[in-house]
Enquirer: 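Take a look at this one; I'll ask things after.
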Amino acid sequence: MTTRILLADDHALVRRGVRLILDNEPDLEVIGEAADGAEAVTLAKTDPPDLAVLDIAMPRMTGLQAARELSRIQPGLKILILTMYDNEQYFFEALRVGAAGYVLKAVADRDLVEACRAAMRDEPFLYPGAVTALVRDYLERARSGAGIPERAVTDREEEVLKLVAEGHSTKEIAELLFISVKTVERHRTNILSKLGLRDRQELTRYAIRAGLIEP
């Protein structure tokens, strides 16, 4: 059977290159391309894929946010995160949202095809550095008796944080998320308090570090 793939990345050249890699394989076929996470969710609802390959930092909705939503609306969907970030924080968050693998763009020509096939076999795909991070984290938690840490902010707070960092006004955020202006203000206050931040500039820097927006 041919695996039907939805590809999401905000850079057209990257999508073109990744599509060439995937479409060159007889068992893989890209059926849709999205420029951001929100578009990926919309396309998946219209024509459900077998596998979604998502970049992390995209406008409107990140790959991690899209992965959470796609897992909710299509529980059987396999998800791969394709990213330029060799970063433990993003890696663990990708696992948290249900991704089957984490592939670096720098070695996509080597790893992506095998990652797609592994995902469809219900097998995880982790690049060597990620395996090291996972084992190190597990051993540290086992020694300390700690569990998996909770995320600093809720899903809704993360959506608000991303939109604030992208420069949207409170009113615009309320309209985009279909919530009241007062609710947006409350979320923003909670975010600042939880993260120990003071203003939009610090929120933006945090959003960049967290992979919600690109620098």
Side-chain angles (χ1 to χ4, degrees), residues 8-11 34-45 52 54-75 77 79 81-99 102 130 133-134 137-138 140-141 144-215:
D9 193 294
D10 58 323
H11 298 290
D36 58 58
E39 185 180 1
V41 171
T42 299
L43 290 176
K45 290 178 180 177
L54 310 172
D55 183 27
I56 284 186
M58 295 187 288
R60 293 203 295 167
M61 180 184 286
T62 70
L64 296 175
Q65 291 172 331
R68 284 197 291 268
E69 181 64 13
L70 289 169
S71 295
R72 185 185 66 81
I73 64 176
Q74 191 180 338
L77 178 67
I79 297 172
I81 297 298
L82 178 64
T83 178
M84 62 183 289
Y85 299 107
D86 183 359
N87 181 294
E88 291 182 24
Q89 177 184 348
Y90 304 148
F91 165 63
F92 285 115
E93 185 61 20
L95 296 183
R96 193 192 299 274
V97 299
Y102 190 94
L134 185 61
D137 184 80
Y138 173 80
E140 288 175 356
R141 295 186 186 284
S144 65
I148 299 298
E150 295 297 321
R151 294 171 60 222
V153 296
T154 66
D155 290 351
R156 177 61 90 188
E157 287 169 347
E158 185 179 272
E159 291 173 339
V160 172
L161 168 59
K162 176 176 171 57
L163 292 171
V164 169
E166 288 179 342
H168 294 281
S169 69
T170 300
K171 183 180 178 183
E172 289 171 341
I173 295 171
E175 292 173 351
L176 287 167
L177 298 180
F178 302 102
I179 57 180
S180 70
V181 168
K182 285 187 176 180
T183 300
V184 174
E185 291 173 345
R186 186 175 70 250
H187 282 313
R188 180 170 175 168
T189 299
N190 289 341
I191 293 166
L192 290 170
S193 176
K194 285 182 176 182
L195 301 178
L197 305 177
R198 293 174 297 178
D199 51 32
R200 180 189 292 268
Q201 187 175 5
E202 290 189 356
L203 278 176
T204 301
R205 286 199 292 266
Y206 176 87
I208 292 171
R209 292 197 305 272
L212 296 175
I213 63 173
E214 290 187 334

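All residue numbers refer to positions in the sequence shown, counting from 1. All of these numbers come straight from a predicted model, not from anything done at the bench.
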Enquirer: Would you please name every residue forming a salt bridge (Lys or Arg N to Asp or Glu O under 4.0 Å) with Glu175, sequence neighbours left out?
Expert: none

Enquirer: Taking all atoms of both residues into account, what is the closest heavy-atom pair of Ala94 and Ile81, and its distance?
Expert: CB-CG1, 3.8 Å

Enquirer: When rounded to the nearest 0.5 angstrom, what is the spacing between CD in Gln65 and CG in Leu212?
Expert: 6.0 Å

Enquirer: For a quick test of reading the model, state the closest non-hydrogen atom pair linking His168 to Glu172 and the distance between them.
Expert: CA-OE1, 3.3 Å

Enquirer: How many angstroms lie between OG1 in Thr170 and NE2 in His187, if you round to the nearest 0.5 Å?
Expert: 12.0 Å

Enquirer: Looking only at non-hydrogen atoms, find the nearest pair between Ala165 and Ala207 and report the distance.
Expert: CB-CB, 3.6 Å

Enquirer: Measure the CZ-CD1 distance between Arg186 and Ile191 for me, rounded to the nearest 0.5 Å.
Expert: 11.5 Å

Enquirer: In Å, rounded to the nearest 0.5 Å, how long is the span from CG of Asp199 to CZ of Arg188?
Expert: 8.5 Å

Enquirer: Name the residue from Leu70, Asp9, Leu82 that meets the side chain to side chain contact (heavy atoms under 4.5 Å, CB included) definition with Leu54.
Expert: Leu70

Enquirer: Please list, chain by chain and in numerical order, all residues satisfying salt bridge (Lys or Arg N to Asp or Glu O under 4.0 Å) with Glu185, sequence neighbours excluded.
Expert: none

Enquirer: Taking all non-hydrogen atoms of both residues, which atom of Ile73 and which atom of Val41 are closest, and how far apart?
Expert: CD1-CG1, 4.1 Å

Enquirer: Could you tell me whether a side-chain N or O of Glu39 sits under 3.5 Å from a main-chain N or O of Ala35, the two making a donor and an acceptor?
Expert: yes

Enquirer: Going from CG on Leu163 to CG on Leu177, what distance comes out if it is rounded to the nearest 0.5 angstrom?
Expert: 5.5 Å

Enquirer: Give me the atom names and distance for the closest heavy-atom approach of Ala174 to Val181.
Expert: CB-N, 3.9 Å

Enquirer: Determine, step by step, whether Val97 and Ser71 satisfy the side-chain contact (heavy atoms from CB on, under 4.5 Å) criterion, reporting the C-alpha distance in whole Å, the side-chain angles of both residues, the deciding distance to 0.1 Å, and the verdict.
Expert: CA-CA 8 Å; Val97 299; Ser71 295; 5.9 Å; no

Enquirer: Are Glu166 and Lys162 within salt-bridge range, i.e. N to O under 4.0 Å?
Expert: yes

Enquirer: With salt bridge (Lys or Arg N to Asp or Glu O under 4.0 Å) as the rule and sequence neighbours excluded, what pairs involving residues 54-66 come up?
Expert: Asp36-Arg60, Asp55-Lys105

Enquirer: Spell out, as yes or no, whether a donor-acceptor pair under 3.5 Å connects the side chain of Arg200 to the backbone of Val164.
Expert: yes

Enquirer: Working to the nearest 0.5 Å, report the span between CD of Gln201 and OG1 of Thr204.
Expert: 7.5 Å

Enquirer: Can you spot which of Ile179, Asn190, Leu161 makes a side chain to side chain contact (heavy atoms under 4.5 Å, CB included) with Arg156?
Expert: Ile179

Enquirer: Assess whether a salt bridge exists between Glu159 and Arg68, defined as any Lys/Arg side-chain N lying under 4.0 Å from an Asp/Glu carboxylate O.
Expert: no

